[in-house]
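Sequence lines set the chain letters: A, B, ... in the order given, protein chains first and strands last, and positions in each chain run from 1.
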Number of protein chains: 2
Amino acid sequence: MTPSLSVPETKLLDTLQRRLDAQAPSPTFEELRVALRLTSKNQVSQLVAGLEQRGYIARAAGRKRTLTLLRGSDGRPYHLTRVVHVPLLGLAPASFGQDTLDGFAPDEYLALTQDLVPDETGLYALRVSGDSLSDAHINDGDLVVLRQQQEASDGDLVQVWLRREDAATVKRYFRQGKIIWLHPENRALKPRCYPEEDVRVQGKVVLVLRSLERALAA
Amino acid sequence: MTPSLSVPETKLLDTLQRRLDAQAPSPTFEELRVALRLTSKNQVSQLVAGLEQRGYIARAAGRKRTLTLLRGSDGRPYHLTRVVHVPLLGLAPASFGQDTLDGFAPDEYLALTQDLVPDETGLYALRVSGDSLSDAHINDGDLVVLRQQQEASDGDLVQVWLRREDAATVKRYFRQGKIIWLHPENRALKPRCYPEEDVRVQGKVVLVLRSLERALAA
DNA sequence: GTGAGATTAGAACAAATGTTCTAACACATT
DNA sequence: AATGTGTTAGAACATTTGTTCTAATCTCAC
């Protein structure tokens with residue numbers, strides 16, 4: 001709380017932030033009146049006008065229930081973000097045995113934000129099982145978020161569909177002419193090569209998430 | 001798109017989801033009418049009623065502009081999340097040279113979600129610099145999110161304030177009686193021990209984030 | 001072709017919600 | 001004590017927003 005904010009102002013800003021953080025409707029003046037335990041909407045109106053004038057909040061003119069936060073009660077800018085729902089499709093590196101990602105209907109989504117994945121197109125998540133990615137510093141239990149794509153560059157960590165094995169896997173990708181080398185990220189396992197027509201790139205790892213408190217999306 | 005949804009229904013649901021994901025005000029019927037290129041709010045009203053009846057959307061009775069999404073146009077449940085703003089306080093393991101986290105005013109926040117950090121109390125983030133945590137599979141450039149706390153258990157990865165060195169650091173914590181052992185997570189570096197009164201636990205690592213696409217919160 | 005039901009359209013209406021107005025009260029200054 | 005300013009309170013008012021009503025048009029089955 002900065003010294004220039006009164007208690008009701010602080011409470012108003014906190015109430016608004018809670019609503020916004022919760023993806024809930026912006027409060028009306030009446031709802032704020034109740035939350036701040038005031039006895040007249042007029043006081044809310046005045047608080048709102050003052051805070052708007054000082055750049056803490058904004059509203060869309062001529063539109064009801066559109067209060068938004070510009071600056072929190074601590075005085076710091078509040079930046080709106082975009083929530084990104086990423087489908088959790090299964091396990092990596094293996095066990096996710098689909099040859100195509102289209103039309104797959106996951107039951108589970110992981111809510112991320114634009115800060116983590118600025119580009120939200122074509123994302124999906126896999127839970128890492130085992131230690132085959134440990135040399136990439138990706139652990140058992142981690143979540144990896146991938147972007148669907150069909151091309152890869154050398155050194156990219158990708159999910160590929162292996163046609164002959166009828167299986168998908170996650171490995172580091174290297175191309176030598178018409179040969180694709182797939183390196184497991186574990187020294188104990190061997191790189192293997194495949195003719196390019198036997199390897200279909202499905203997605204590229206773009207984000208790694210590890211909780212040390214509890215399983216993510218469990 | 002599921003086969004039981006009409007084109008206007010799909011567009012309505014998508015419009016609503018975009019608003020919710022963006023932490024923007026729920027649309028009015030008139031705004032939906034414009035977005036769906038209809039000529040009468042009555043059609044919106046009917047779409048809304050139908051979708052509400054089928055469990056795709058909900059609204060707060062007797063409250064304007066409160067449409068919310070229960071199920072997306074793909075038919076999958078849409079779960080609201082909570083956005084969690086985590087202050088980015090500096091670098092880890094070292095360089096963040098404060099003996100206390102209170103009153104620190106960061107310029108930068110990272111927006112996460114409740115899915116990643118179910119408990120949002122006392123969180124802050126540090127950017128990892130260097131390879132001193134590499135044995136913990138935490139890389140240079142990763143972000144670590146910590147929870148402020150003053151106690152730690154053996155094996156916890158914690159930020160501590162070292163009184164004699166007038167410095168903070170992030171290491172793995174082990175206690176032997178009145179001696180605290182702090183293990184860097186890099187085989188090349190040595191564990192060091194400190195009398196307990198010289199070590200103040202400031203926070204514990206709860207989440208590790210690594211983007212392979214671009215720097216997070218840059 | 002005819003009739004019934006659904007869809008579309010727009011106006012009228014009702015209710016939610018923000019704004020303005022009036023008045024009382026509290027506090028500081030002269 | 002009187003005056004001026006700010007705060008509080010609630011009613012009246014204005015505007016936004018959802019609901020209902022009416023009518024025309026379209027679609028489909030018989």
Side-chain angles (χ1 to χ4, degrees), chain A residues 1-20 22-70 73, chain B residues 1-20 22-70 73:
Chain A
M1 187 176 69
T2 63
S4 65
L5 289 176
S6 67
V7 169
E9 284 172 333
T10 300
K11 285 178 72 173
L12 189 152
L13 294 173
D14 293 345
T15 300
L16 184 53
Q17 180 161 349
R18 266 195 306 277
R19 285 286 186 94
L20 290 180
Q23 298 184 279
S26 180
T28 62
F29 284 18
E30 176 63 17
E31 284 160 5
L32 285 169
R33 181 196 68 76
V34 171
L36 274 62
R37 294 184 172 80
L38 301 173
T39 51
S40 165
K41 287 189 293 182
N42 187 43
Q43 277 140 284
V44 174
S45 184
Q46 284 168 353
L47 287 170
V48 166
L51 289 169
E52 185 181 25
Q53 219 264 327
R54 289 144 71 191
Y56 281 91
I57 60 179
R59 48 186 166 167
R63 291 185 186 279
K64 316 280 180 195
R65 204 190 273 274
T66 58
L67 275 194
T68 192
L69 193 64
L70 298 179
S73 60
Chain B
M1 187 174 68
T2 64
S4 66
L5 288 176
S6 67
V7 169
E9 284 172 333
T10 300
K11 285 178 69 173
L12 188 151
L13 293 172
D14 293 345
T15 300
L16 183 54
Q17 179 161 350
R18 269 197 302 280
R19 285 285 186 96
L20 290 180
Q23 297 183 280
S26 181
T28 63
F29 284 18
E30 177 62 18
E31 285 161 4
L32 286 169
R33 183 196 68 75
V34 172
L36 274 61
R37 295 185 171 78
L38 301 174
T39 52
S40 165
K41 289 188 291 180
N42 187 42
Q43 277 139 284
V44 173
S45 184
Q46 285 169 355
L47 289 170
V48 167
L51 289 168
E52 184 180 27
Q53 218 264 325
R54 288 144 71 192
Y56 281 90
I57 60 176
R59 48 186 166 169
R63 292 184 185 277
K64 314 284 182 191
R65 207 192 272 275
T66 58
L67 277 193
T68 192
L69 192 64
L70 298 178
S73 59

Within the sub-3.5 Å range, which N or O atoms of nucleotides 19-21 of chain D have a protein N or O partner, and how far apart are they?
from   : atom 1 : to      : atom 2 : distance (Å)
D:dT19 : OP2    : B:Arg59 : NH1    : 3.1

Across all chains, not counting sequence neighbours, the side chain to side chain donor-acceptor pair (under 3.5 Å) partners of B:Arg59 are B:Glu52
B:Glu52 CD to D:dG18 P, in whole Å, measures 13 Å
Students should find that the end-to-end axis angle of the helix from C:dG1-D:dC30 to C:dT30-D:dA1, with five pairs defining each axis and rounding to 10 degrees, is 10°
Quick one: is C:dA9 close enough that its OP1 or OP2 comes under 4.0 Å of any side-chain N or O from B:Thr39?
yes
Heavy-atom nearest pair, A:Leu13 first then A:Ser73, reads CD1-CA, 3.8 Å
Rounded to whole Å, the CG-C1' distance (B:Leu67 to D:dT17) equals 12 Å
Can you find a heavy atom in the side chain of A:Glu9 that is under 4.5 Å from one in the side chain of A:Leu12? no
Query raised in the report: With distance as the sole test, does A:Arg33 use its side chain to make a donor-acceptor pair with the main-chain N or O of A:Ser40 at under 3.5 Å?
Result: no
In whole angstroms, the gap separating P of C:dA6 from CD of B:Gln43 amounts to 16 Å
Tightest non-hydrogen contact, residues B:Arg65 and A:Pro25, listed as O-CB, 4.1 Å
Rounded to whole Å, the CG-P distance (A:Leu38 to D:dA9) equals 7 Å
From CD of A:Glu30 across to P of C:dG18 the rounded distance in Å is 9 Å
Exercise. Going through the distances and angles, do A:Leu5 and A:Arg54 end up as a side chain to side chain contact (heavy atoms under 4.5 Å, CB included)?
Worked result: CA-CA 11 Å; A:Leu5 289 176; A:Arg54 289 144 71 191; 3.7 Å; yes
Checking A:Thr68, A:Leu69, A:Val48 against A:Leu16 for side chain to side chain contact (heavy atoms under 4.5 Å, CB included), the one that qualifies is A:Leu69
Given the options B:Leu38, B:Val44, B:Leu47, B:Phe29 meets side chain to side chain contact (heavy atoms under 4.5 Å, CB included) only with B:Val44
Original post:
With no hydrogens and no angle check, is any side-chain donor or acceptor of B:Thr10 less than 3.5 Å from a backbone partner on B:Ser6?
Top reply: yes
Result for 5'-nearest mapping on DNA chain C, choosing between A:Arg63 and B:Ser40, is B:Ser40
Here the distance between atom P of C:dT17 and atom CZ of A:Arg33, to the nearest Å, is 13 Å
Under-4.0 Å side-chain N/O to phosphate OP1/OP2 contact, B:Arg65 with D:dT17
yes
